[in-house]
Amino acid sequence: YYWVRKVNGKVRRLRIGSVGDVTLKLAREKADRFTSLANDGHDPKFIKDANQESADTLCEVFPRFLDHKRTKGRKGKKLSEKTLYDYQKQFDRHLATWGNRPLDTIEKKDVVDLHMKIGKSKPSRPRRSNSESPADKGMEPTANRILSLVGSIYSYAIDVEHFKGLNPASRVEKFEETSRDRFLSYDEIKRFMAALKQEPNTTIRDFLEISILVGQRRANGQSMRWDDIDFDRGVWSIPRIKGGKPHLVPLPNRAIRLLR
């Protein structure tokens with residue numbers, strides 16, 4: 001059973017219940033209550049039935065979602081604090097306006113509209129060069145990350161907290177993303193290395209040069225430990241890379257000299 005009516009200029013389609021779970025009499029009573037609320041100028045979508053247990057709000061569920069991911073992330077592996085920090089930033093910037101809404105009031109259309117709004121907005125920082133890919137002109141990648149976050153929050157609520165509603169991010173099509181293919185040319189590398197030699201901070205200078213020599217993610221370089229370096233074999237072991245498997249990186253002689 002559904003109640004459908006235009007309220008304050010918006011069409012509302014509220015689910016009353018399944019035929020096998022709700023009698024026709026009860027369905028009519030609920031529909032009459034929705035109609036009464038609408039006639040009084042209220043939106044039934046945001047008014048909870050006094051006899052119905054209210055779903056938790058997004059702000060209430062999100063911290064529990066983060067705590068759960070600290071102990072058990074994707075495929076049973078906990079997520080890093082950096083990833084959780086990124087989740088918090090994404091939530092604060094793009095989802096906080098939904099914070100006080102119960103989970104069962106956020107619909108697929110809301111998610112689609114937000115995804116489109118973020119994706120078609122302009123990034124806050126200017127483009128660095130004309131060589132950036134078309135995907136960098138807007139915020140399509142950010143919109144896709146937010147869509148994934150919403151889906152993950154609802155998946156947690158459904159699987160762990162037994163939320164009875166649907167996942168509004170399910171089957172929402174993501175923007176197509178174009179991988180970046182910008183690399184320094186040989187001449188640019190020579191000019192960069194010449195400028196790097198003038199850097200007075202030896203820690204920054206060595207870090208940047210080692211990063212170029214080994215070609216790994218910045219976060220991995222920042223978390224490098226002496227225990228991870230095998231000087232005899234000339235190998236750097238990254239214990240926690242994407243996928244959770246150790247990754248062995250050969251170290252050039254220049255990188256070994258800088259580390260020593």
Side-chain angles (χ1 to χ4, degrees), residues 1-62 64-65 87 90-123 137-177:
Y1 296 108
Y2 287 88
W3 179 86
V4 182
R5 177 172 168 173
K6 182 175 285 190
V7 181
N8 299 328
K10 296 183 178 180
V11 175
R12 291 301 185 208
R13 184 173 185 268
L14 304 182
R15 184 177 185 275
I16 295 176
S18 301
V19 174
D21 298 330
V22 179
T23 64
L24 179 59
K25 180 181 178 180
L26 181 58
R28 285 173 173 168
E29 290 175 354
K30 285 191 173 184
D32 288 342
R33 285 199 296 272
F34 290 157
T35 300
S36 177
L37 288 168
N39 290 338
D40 292 337
H42 302 296
D43 192 335
K45 176 180 177 180
F46 300 109
I47 304 295
K48 283 292 178 182
D49 189 327
N51 296 320
Q52 179 183 355
E53 183 180 354
S54 176
D56 286 345
T57 64
L58 194 61
C59 267
E60 292 172 331
V61 173
F62 183 66
R64 301 198 294 266
F65 162 78
Y87 282 172
Q90 292 168 356
F91 184 92
D92 292 341
R93 183 170 184 179
H94 299 289
L95 299 176
T97 54
W98 289 355
N100 291 327
R101 291 179 60 175
L103 292 189
D104 54 3
T105 68
I106 299 173
E107 300 178 341
K108 186 171 184 175
K109 184 180 183 303
D110 298 322
V111 177
V112 171
D113 290 345
L114 179 65
H115 182 241
M116 185 64 65
K117 178 182 177 181
I118 297 172
K120 297 306 179 183
S121 63
K122 297 296 182 182
K137 294 180 180 179
M139 293 182 62
E140 290 92 344
T142 299
N144 289 344
R145 303 295 92 75
I146 299 302
L147 177 61
S148 296
L149 178 58
V150 173
S152 295
I153 294 171
Y154 272 85
S155 293
Y156 158 78
I158 293 170
D159 296 340
V160 179
E161 299 195 355
H162 307 294
F163 171 63
K164 301 300 183 183
L166 301 177
N167 188 333
S170 177
R171 298 182 181 276
V172 176
E173 185 176 356
K174 291 184 177 182
F175 291 110
E176 182 178 354
E177 298 182 35

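Note that the structure is a prediction, hence the values are computed from the model and not measured. Residue numbers count from 1 along this sequence.
Within the 4.5 Å cutoff, side-chain heavy atoms of L103 are placed close to those of L58. In this structure, the side chains of D56 and F163 stay at 4.5 Å or more apart for every pair of heavy atoms.
Summarising the geometry, atom NZ belonging to K120 is positioned 13.0 Å from atom CE belonging to M139; distances are rounded to the nearest 0.5 Å. Of the inter-residue distances, the one linking S155 atom OG with N167 atom CG reads 4.5 Å to the nearest 0.5 angstrom. How far CZ of R145 is from CG of L149: 11.0 Å, rounded to the nearest 0.5 Å. Remark: Y87 OH to I146 CD1 distance equals 10.5 Å, nearest 0.5 Å. Atom-to-atom distance recorded for L14:CG and K30:NZ is 11.0 Å, nearest 0.5 angstrom. The distance from atom CG of D110 to atom CH2 of W98, rounded to the nearest 0.5 Å, is 5.5 Å.
Annotation for R13 and E107: closest pair O-OE2, 4.4 Å, computed over non-hydrogen atoms. Across every non-hydrogen atom of I158 and G165, the tightest pair is CD1-O, 3.8 Å. Closest of all the heavy-atom pairs between V172 and L147 is O-CD2, 3.6 Å. For the pair S148 and K174, the tightest heavy-atom approach, listed with the atom from each and the gap, is OG-NZ, 2.8 Å. Of all heavy-atom pairs between A143 and H115, the closest is O-CD2, 3.2 Å. E161 and R64 make their closest contact through OE2-NE, 2.6 Å (heavy atoms, listed as atom of the first residue, atom of the second, distance).
Evaluated for a ring pair (Phe, Tyr, Trp, His ring centres under 6.0 Å) with F34, the options Y1, W3, Y2 yield exactly one hit, W3. Residue K109 forms a side-chain contact (heavy atoms from CB on, under 4.5 Å) with just one option from D113, V112, I106, V111, and that option is D113.
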Are I118 and F175 close enough, and set up right, to give a side chain to side chain contact (heavy atoms under 4.5 Å, CB included), and what steps lead you there? CA-CA 11 Å; I118 297 172; F175 291 110; over 6 Å; no

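The aromatic rings of F91 and F62 lie parallel to each other, with less than 30° between the two planes, well short of the 60° mark.
Under the side-chain contact (heavy atoms from CB on, under 4.5 Å) criterion, N39 pairs with R5, T35, not counting sequence neighbours.
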